[in-house]
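In this chain, residues are counted from 1 in sequence order. The figures that follow rest on heavy atoms only: side chains count, while hydrogens, waters and symmetry mates do not.
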Amino acid sequence: MAKQIERGRFLLIECTAGELMDAVGSDICICDWCGRPFAPSEKGVYIAVLNHWYCMNCFNDWFNRSTYYPEDADVERKNFEFYAPRFGINVSKCS
C-alpha cells in the first residue's frame, strides 16, 4: 500500500511499480534514473520535487547526495498534492 514516508524535508511516496502504473494509467513502470523496467510488485519512491519515480536503489543513491532547496517547495507541494490522492493518500493529513 502506498504511503507517505519521511526522509529529510522532502515530500515522498513509497509505492510499488503497480501502484504507480495504476495512478498514472501506464502499462509499464520504468525507474526515471536507471531506466530499468520493474515488475508491479517491486517498490520504489515517488519524489515530488523531481516529479520522478525511482527504484529503491536509485532513490537511496539520490537521497544520500540530495540537497533540499526551500525555493523548490511550491513546485514540490503542487506535484505532491496532484499525485497523493491518486495513491489514496489524504493530502489534508500530510505535512
Side-chain angles (χ1 to χ4, degrees):
M1 172 180 240
K3 63 183 178 181
Q4 183 179 10
I5 59 173
E6 293 186 25
R7 295 273 298 264
R9 297 176 62 186
F10 295 102
L11 295 174
L12 307 165
I13 299 172
E14 181 182 270
C15 62
T16 64
E19 288 170 323
L20 179 74
M21 293 184 309
D22 290 343
V24 301
S26 177
D27 293 333
I28 190 167
C29 181
I30 298 173
C31 174
D32 285 316
W33 184 254
C34 70
R36 195 179 114 207
F38 283 83
S41 62
E42 294 181 272
K43 285 191 178 185
V45 177
Y46 170 72
I47 306 165
V49 73
L50 302 177
N51 199 28
H52 286 173
W53 184 87
Y54 284 5
C55 67
M56 292 307 290
N57 286 338
C58 291
F59 169 73
N60 288 323
D61 289 346
W62 170 81
F63 185 78
N64 288 333
R65 60 177 168 37
S66 66
T67 301
Y68 181 82
Y69 294 101
E71 58 269 24
D72 293 337
D74 289 341
V75 170
E76 178 182 31
R77 172 59 63 180
K78 182 179 173 185
N79 291 340
F80 183 82
E81 288 177 354
F82 181 82
Y83 283 103
R86 287 156 176 78
F87 289 107
I89 295 171
N90 186 343
V91 176
S92 65
K93 294 183 180 181
C94 298
S95 54

For residues [X] and [Y], determine if any side-chain heavy atom of one lies less than 4.5 Å from a side-chain heavy atom of the other.
X	Y	value
His52	Trp33	no
Leu11	Gln4	yes
Asp32	Trp53	yes
Lys78	Tyr83	no

Honestly curious: do [X] and [Y] fall in one hydrophobic cluster under the side-chain, below-4.5 Å linking rule?
X	Y	result
Phe87	Phe80	yes
Leu20	Tyr54	no
Leu50	Val24	no

- Item | Under the salt bridge (charged side-chain N to carboxylate O under 4.0 Å, His left out) test, residues paired with Arg36 that sit two or more places apart |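 Testing Arg36 for salt bridge (charged side-chain N to carboxylate O under 4.0 Å, His left out), a comparison that skips the adjacent residues, returns Glu42.
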- Set of salt bridge (charged side-chain N to carboxylate O under 4.0 Å, His left out) partners for Lys43, sequence neighbours left out: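 Testing Lys43 for salt bridge (charged side-chain N to carboxylate O under 4.0 Å, His left out), a comparison that skips the adjacent residues, returns Glu14.
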- Could you name each residue pair satisfying side chain to side chain donor-acceptor pair (under 3.5 Å) that touches residues 17-29, not counting sequence neighbours?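 Qualifying pairs, neighbours excluded: Thr16-Glu19.
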Show me, pair by pair, the donor-acceptor contacts under 3.5 angstrom made by side chains of residues 57-64, not counting sequence neighbours?
residue	atom	partner	partner atom	Å
Asn60	OD1	Arg7	NH1	3.4
Asn60	ND2	Met56	O	3.1
Asn64	ND2	Asn60	O	3.0

- Item | For Asn79, side chain to side chain contact (heavy atoms under 4.5 Å, CB included) partners two or more places apart |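 Checked Asn79 against side chain to side chain contact (heavy atoms under 4.5 Å, CB included); matches are Tyr46, Ala48, Asn51, Val75.
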- Query: With sequence neighbours excluded, what pairs up with Pro37 under the side chain to side chain contact (heavy atoms under 4.5 Å, CB included) test?
  - Reply: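 Pro37: side chain to side chain contact (heavy atoms under 4.5 Å, CB included) contacts with Ile28, Ile30.
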- Item | Step-by-step side-chain contact (heavy atoms from CB on, under 4.5 Å) determination, Arg9 to Tyr69 | CA-CA 9 Å; Arg9 297 176 62 186; Tyr69 294 101; over 6 Å; no
- At what distance, to the nearest 0.5 angstrom, does SG of Cys29 lie from CZ of Phe38?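 One finds 7.5 Å between SG of Cys29 and CZ of Phe38.
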- Task: Measure the CZ-SG distance between Arg86 and Cys15 for me, rounded to the nearest 0.5 Å.
- Result: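 Answer for the CZ-SG pair, Arg86 versus Cys15, is 13.5 Å.
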- Task: Might you point out which heavy atoms bring Ala84 and Ile13 nearest each other, and give the distance in Å?
- Result: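 Scanning both residues completely, I find the closest heavy atoms to be CA-CD1, 3.8 Å.
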- Specify the closest pair of heavy atoms between Glu81 and Val91, including all atoms of both residues, with the distance to one decimal.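 Smallest interatomic distance, heavy atoms only, reads CG-CG1, 3.4 Å.
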